[in-house]
Amino acid sequence: MLIVQKYGGTSVADAERILHVANRVVSRIKHGDQVAVVVSAMGNRTDELIDLATSISAEPDPRELDMLLSTGEQMSIALLAMALRSIGQEAVGLTGQQAGIYTRPQYGSGRIARVEVHRIQRELDAGRVPIIAGFQGITEDAEIVTLGRGASDTTAVALAVALGADRCENCKDVEGVLTADPRIVPNARKLTDITYEEMLELSAQGSQVMHSRAVELASVYNLPIYVNSSMVDAPGTLIHSGENMEERNRVRGIAHDTDVAKITVRHVPDRPGIAANIFEPLAAANVSIDTIVQNASEDDLTDLTFTLSEKDLARAEKLMVEICKEVGAREFISDKDLGKVSIVGTGIQTAPGYASRMFRALFDAGINIDLISTSEIRLTCLVHRDRVADAVRALHDAFELEKPGATVERA
Ligand code: ASP
Ligand code: MG
């Protein structure tokens, strides 16, 4: 098998762990597989580099910031390649440029446009393990661009697709995809498998296990992703297309996010174009909006609510002053300190009772719901940030997610 393995920052956080990863790669090769490896920056290196940059300039130049951040991954590739050589395995560290990863010219949020794999292929053919820097690429003008926080996962999937690999293995400090965050729910259970759609919803709603662009890319090319632990030897979770092998028709997992703010635009004249007039300037300023709810109108006036990351709130508020004038809204009100909790599962779309059970469980825990939104396979409630952990626990209990394979049809 040809495999792309990706190791996250925690898995390569220090010399000891890097040597451990090297041994893990070698044992895989001894097993008869060909392996290309993608690594993230060591530990919290990326955060440290950002702090360093902002201590020099409050708003660092985006080009130079990417220049700086790309060094994090460059350290990891060199050290892992050294580690492999030290135990007798030929290996070669490759930057995004050397690995042929071409991106669009957006500093800090580059999108992979194409991958030219000939160099990686040549190294593989020669029996050397290519160690590729995640999270970075190069534009047609040879500018270094990073791909957005957490995007080493995306690098790994893109490479696996381009190389025609059998699968991408995401080797982490957790054993796989769990039914909830184990720091909140100690008896959260590891799933044997999950569909792309479910994983995508979990990632989009705050699960940290996989970068959502990576899942999206894998689903487009039908590339299986295996999430497992780089530290302990235990079966992981397979992310794939098609039906879950077990546990259909039930909630698969709970995602949560504690970084939510909300803006409500009050008394907007209800005429065509208002939504466009409100959201275009926000989009132009790169404020990403999550849930949008327009309320029923009364006397041709309506209220419009949307949620966003609290990090973007101050910027959005500045724009809203102008926007309110523009669309003739009376005012806007913002709320912060919110969070959201979501239940996700393919079964939700066909079976009744999931919503009522969710609301009942939150009510029983004394948690007020601020806003509700749904997709075909997801139900999300906005709650106060301080109650997010309680909400996750209440829902994990209510849907009996600690039990393997149980069908919960008693709603
Ligand atoms: N090192 C980068 C970050 O921390 C990319 C990654 O970890 O995937 O965001
Ligand atoms: Mg990282």
Side-chain angles (χ1 to χ4, degrees), residues 4-14 17-18 21 36-54 60 62-81 93-97 99 101 103-104 106-112 115 130-138 144-161 168-174 177 199-200 202-204 206-218 223 225-231 239 257 259 286 288 309 311-312:
V4 173
Q5 287 194 330
K6 182 253 166 178
Y7 290 91
T10 314
S11 300
V12 294
D14 55 35
R17 289 190 186 171
I18 290 174
V21 166
V37 181
V38 172
V39 282
S40 296
M42 295 168 71
N44 296 324
R45 172 64 47 157
T46 307
D47 290 323
E48 289 160 14
L49 291 172
I50 292 173
D51 287 348
L52 185 59
T54 48
R63 177 186 187 275
E64 304 309 330
L65 186 60
D66 274 4
M67 184 68 82
L68 181 70
L69 295 190
S70 67
T71 64
E73 272 69 15
Q74 199 170 327
M75 277 179 74
S76 304
I77 57 170
L79 292 168
L80 181 56
L94 300 171
T95 63
Q97 175 172 32
I101 299 168
T103 67
R104 294 193 215 298
Q106 293 131 345
Y107 297 114
S109 58
R111 296 274 169 153
I112 297 176
V115 185
I131 314 285
I132 298 115
F135 174 60
Q136 59 178 262
I138 192 150
I144 297 172
V145 164
T146 65
L147 310 181
R149 296 307 307 271
S152 293
D153 287 358
T154 306
T155 303
V157 169
L159 278 182
V161 168
C168 178
E169 295 183 354
N170 198 346
C171 312
K172 300 183 60 81
D173 54 341
V174 291
V177 181
M199 193 64 233
L200 205 51
L202 287 173
S203 298
S207 158
Q208 304 287 324
V209 179
M210 283 289 309
H211 197 241
S212 49
R213 267 161 57 203
V215 183
E216 207 173 272
L217 195 61
L223 175 88
I225 303 177
Y226 187 65
V227 182
N228 65 351
S229 166
S230 67
M231 327 250 179
I239 308 173
D257 186 347
D259 172 26
N286 234 334
S288 50
S309 160
K311 292 184 210 78
D312 288 339

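Whatever order the structure lists ligands and atoms in, that order sets their numbers, starting from 1.
- Ligand 1 lies less than 4.0 angstrom from a heavy atom belonging to A151.
- Here CD1 of I131 is found 9.5 Å from CD of Q5. Values are rounded to the nearest 0.5 Å.
- Shown here is E48, whose CD atom has more than 12 heavy atoms of other residues, nucleotides or ligands within 6.0 Å.
- Considering both main-chain and side-chain atoms, E73 comes within under 3.5 Å of ligand 1 through a nitrogen or oxygen pair.
- In the vicinity of R149, heavy-atom distances shorter than 4.0 Å reach the ligand 1 atoms 3 (C), 4 (O), 9 (O).
- Listed by chain and residue number, nothing satisfies the salt bridge (charged side-chain N to carboxylate O under 4.0 Å, His left out) test with R213 (two or more places apart in sequence, or in another chain).
- Between R45 and ligand 1 there is no heavy-atom distance shorter than 4.0 Å.
- Exactly one residue among L94, V38, I77, L159 makes a side chain to side chain contact (heavy atoms under 4.5 Å, CB included) with P130. That residue is L94.
- Of all atoms in ligand 1, numbered sequentially from 1 with element shown, those under 4.0 Å from a heavy atom of S40 are 6 (C), 7 (O), 8 (O).
- The backbone N or O of L200 sits nowhere less than 3.5 Å from a side-chain atom of S203 that would complete a donor-acceptor pair.
- Counting heavy atoms closer than 4.0 Å to ligand 1, residue H211 contributes nothing at all.
- Side-chain atoms of D173 and R17, non-hydrogen and from C-beta on, never get closer than 4.5 Å to each other.
- Ligand 1 lies less than 4.0 angstrom from a heavy atom belonging to G150.
- Counting heavy atoms closer than 4.0 Å to ligand 1, residue S152 contributes atoms from both its backbone and its side chain.
- Contacts of E64 classified as salt bridge (charged side-chain N to carboxylate O under 4.0 Å, His left out), with partners at least two apart in sequence or in another chain: none.
- In terms of N/O distances under 3.5 Å, ligand 1 is approached by T46.
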